[in-house]
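When a ligand or atom number is given, it counts from 1 through the structure's own listing order.
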Amino acid sequence: MILKIVKYPEPVLQQPGEPVTEFNDELRKLVADMFETTYASQGIGLAAPQVGVSKRVTVIDLSMGKDPAQKLVLINPEIILREGRQYEEEGCLSFPEIREKVPRAATVRIRAQNLEEKWFEMDGDELLARAFQHEIDHLDGMLFIFRMSALKRDMVLRHIRKMQREGTW
Ligand code: NI
């Protein structure tokens, strides 16, 4: 089922998600729906708060549905190591059409649970490192506009307000 993606400034986007404690059918359905929603929106990642569910769940698939081996489900994830810097463009399904450069660590190691409740660790660099950081930020109620320079953030927010007035946001 394709879920509705909430856009900024929906309050749920800026609330920290609740840790997941029940690994049940409801969680499996949420994850399946989140993948379907990500592919329908041509995204590479989605966090549960973006579909109005304030839980620490995110899905990532850099292949956008082309390679099942690249499907990643991160439950209760955390970043346990950060190295280096990168500064590349990011977008966010809760900010349609907006792309800006955001400073991130070049490489990160994450720790998360899978749908079977099992903890695992994984390293990512380049785009995967950005996706890890962007999606885990969502679970902390942190949005990529707040990682931009104040100048860029103000430009983006002015642009959003203009679209809101025009009824196109
Ligand atoms: Ni996002």
| request: Give every protein N, O or S atom lying under 2.8 Å from the Ni ion (ligand 1), naming each by residue and atom. | output: Cys92 SG, His134 NE2, His138 NE2
| query | Is there a side-chain contact between Val57 and Met34 (heavy atoms, below 4.5 Å)? | reply | yes
| said: Side chains of Ser94 and Gln50 only: does a donor on one sit below 3.5 Å from an acceptor on the other? | reply: yes
| request: Before accepting this row, confirm whether a basic side-chain N of the pair Lys71/Asp61 lies closer than 4.0 Å to the acidic partner's carboxylate O. | output: no
| Residues in side chain to side chain donor-acceptor pair (under 3.5 Å) contact with Glu117, at least two apart in sequence or another chain | none
| Are Leu143 and Met163 grouped together when hydrophobic residues (ILVMFWY) are joined by side-chain heavy atoms under 4.5 angstrom apart? | yes
| message | Does this structure show an ion pair linking Glu90 with Arg104, if we count only N-O contacts that are shorter than 4.0 Å? | response | yes
